[in-house]
Amino acid sequence: MGVQLSLDLSEVAPVFPFVGQPVAVEPDARFSPAALEGLTDVEVLGRLLPDLGGAGAAQIVMSDFDSLAAAATASRAEFVTRTLLHHNVQDRIRLAVQIGGRVAKAALDRLTLDSFYLVQHYLQNRMGQLPHEQFRVLFLDTKNRLIEDQIMTSGTYNHCAVYPREIMRRALELHAHAIVLAHNHPSGDCTPSQADIKMTQEVVTVAKALSIVVHDHIIVGRGQYTSFKARQLI
């Protein structure tokens, strides 16, 4: 036989003393945008790891890796071997990097792609430090607003199979007016390969037949980038 429970909201009220009441929250100068902007990577990471070693753990991570992104994208075994820290430290860093990427995407969602710097920065954040190649496409509407950022395929250190027909199929499904192609070079050398150029030309040809604009193909890697449009390859 089931037991029916009733809950008197008056019993709950003391647990949530501010429900329905304005709450006065004092600002904390330590976490103001200006204060956070002035912190070093070690200081930021130290604040992120108060229960996992704090500033000491942060110093170890930043001395063993070039950047937070590099620490986040290393394999778990490599991270633990190099730092001798618990893998929970890397898990926390990965969450922070993921939050940063999602914040960047939210900014991109609100803006058009008239700002190339924003697009390049977003792609660097999402792909620049990956240890393997990844190919993604930004699908845009008629006002160059982002409809979807989709990872089309992931590959090995230096190879990622891309199929133009799959890109166009997805563009048609989303009723996209234009696209931006993007992939990363884990080596850090963003020079387009002949395979990159050939694939891009194939996508442009198919897209043109379907009245879809290819704005650019951007290669990112470890703080560097190459624009096919700037190089007049599109």
Side-chain angles (χ1 to χ4, degrees), residues 66-70 72-73 97 100-101 104-172 174-234:
D66 295 335
S67 66
L68 290 175
T73 54
V97 170
K105 182 179 182 299
L108 195 63
D109 286 341
R110 294 192 299 268
L111 299 175
T112 69
L113 293 189
D114 293 335
S115 172
F116 177 78
Y117 172 78
L118 178 63
V119 180
Q120 181 264 326
H121 178 73
Y122 169 72
L123 293 172
Q124 279 285 356
N125 186 288
R126 302 296 279 180
M127 307 168 66
Q129 296 289 339
L130 292 178
H132 57 273
E133 277 206 15
Q134 184 183 87
F135 189 95
R136 64 202 307 148
V137 180
L138 307 182
F139 296 94
L140 315 173
D141 66 12
T142 56
K143 295 183 178 180
N144 285 338
R145 292 175 301 200
L146 183 67
I147 300 173
E148 182 173 283
D149 168 12
Q150 181 168 332
I151 299 171
M152 301 302 297
T153 183
S154 295
T156 61
Y157 177 77
N158 60 2
H159 179 70
C160 192
V162 179
Y163 302 100
R165 65 179 179 274
E166 292 300 319
I167 297 173
M168 291 301 103
R169 179 183 64 80
R170 188 60 179 151
L172 292 173
L174 295 171
H175 304 287
H177 171 74
I179 60 175
V180 174
L181 310 175
H183 78 281
N184 65 307
H185 281 180
S187 67
D189 180 2
C190 296
T191 304
S193 67
Q194 288 302 311
D196 292 335
I197 296 172
K198 180 181 178 182
M199 179 276 297
T200 303
Q201 291 173 343
E202 290 176 355
V203 172
V204 170
T205 298
V206 177
K208 186 175 182 180
L210 297 173
S211 299
I212 296 173
V213 179
V214 180
H215 281 318
D216 206 346
H217 183 172
I218 301 171
I219 302 176
V220 298
R222 301 184 185 279
Q224 306 295 320
Y225 74 92
T226 291
S227 162
F228 277 51
K229 186 174 184 178
R231 289 199 174 196
Q232 298 184 336
L233 295 174
I234 289 183

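Any value given below was found using the heavy atoms of this structure, including those in side chains, with hydrogens, waters and symmetry copies removed. Predicted model only: the values in this text are computed from it and were never measured.
- You'll find the side chain of Asp141 stays beyond 4.5 Å of the side chain of His177, heavy atoms only.
- Of all non-hydrogen atoms in Leu174 and Ile147, the two that sit nearest each other are O-CD1, 3.8 Å.
- Residues Met168 and Leu210 are in side-chain contact: their nearest non-hydrogen atoms beyond the backbone lie under 4.5 Å apart.
- For the atom pair Gln134 CD and Asn184 CG, the distance stands at 6.5 Å (nearest 0.5 Å).
- Counting heavy atoms from C-beta outward, Phe228 and Val214 have side chains that stay 4.5 Å or more apart.
- Using a 4.5 Å heavy-atom cutoff, the side chains of Val213 and Leu140 are not in contact.
- Annotation: Tyr225, atom OH; neighbour count of heavy atoms from other residues, nucleotides and ligands within 6.0 Å does not exceed 12.
- A heavy-atom distance below 4.5 Å is not found between the side chains of Leu138 and His215.
- In this structure, the separation between OH on Tyr163 and CD on Glu202 is 12.0 Å, given to the nearest 0.5 Å.
- Residues Cys190 and Thr226 approach most closely at O-OG1, 2.8 Å, considering heavy atoms.
- Once rounded to the nearest 0.5 Å, the distance linking CG of Leu233 with CD of Gln201 reads 7.5 Å.
- Across every non-hydrogen atom of Arg231 and Pro192, the tightest pair is NH1-CD, 3.5 Å.
- Note that CD1 of Ile219 is 12.5 Å distant from CD of Gln224, once rounded to the nearest 0.5 Å.
- Of the inter-residue distances, the one linking Tyr122 atom OH with Ile218 atom CD1 reads 12.0 Å to the nearest 0.5 angstrom.
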>> Ser187 vs Asp189, test: side chain to side chain donor-acceptor pair (under 3.5 Å). Steps then yes/no.
In response: CA-CA 5 Å; Ser187 67; Asp189 180 2; 5.4 Å; no
>> Between Arg136 and Ile151, does the side-chain contact (heavy atoms from CB on, under 4.5 Å) criterion hold? Intermediate values first, please.
In response: CA-CA 4 Å; Arg136 64 202 307 148; Ile151 299 171; 4.0 Å; yes
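- Taking all atoms of both residues into account, the shortest heavy-atom contact from Pro186 to Glu133 is CD-CG, 3.6 Å.
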> What's the verdict on side-chain contact (heavy atoms from CB on, under 4.5 Å) for Val119 and Asp216, showing C-alpha distance, side-chain angles and the deciding distance?
Replying inline: CA-CA 11 Å; Val119 180; Asp216 206 346; over 6 Å; no
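- Shown here is Asp66, whose CG atom has no more than 12 heavy atoms of other residues, nucleotides or ligands within 6.0 Å.
- Ring geometry for Phe135 versus His217: interplanar angle over 60°, hence perpendicular rather than tilted (30 to 60°).
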>> Evaluate Leu181 against Ile167 for side-chain contact (heavy atoms from CB on, under 4.5 Å), listing each step before the verdict.
In response: CA-CA 9 Å; Leu181 310 175; Ile167 297 173; 4.3 Å; yes
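- Here the shortest heavy-atom pairing between His183 and Met127 reads CA-CE, 3.3 Å.
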>> Before you tell me yes or no, could you show the steps for Asp196 and His185 under side-chain contact (heavy atoms from CB on, under 4.5 Å), namely the whole-Å CA-CA distance, both residues' side-chain angles and the distance that decides it to 0.1 Å?
In response: CA-CA 11 Å; Asp196 292 335; His185 281 180; 3.3 Å; yes
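- Here the closest non-hydrogen pair linking Val97 and Leu68 is CG2-O, 4.3 Å.
- Separating the OG1 atom in Thr200 from the NZ atom in Lys198 is a distance of 12.0 Å, to the nearest 0.5 Å.
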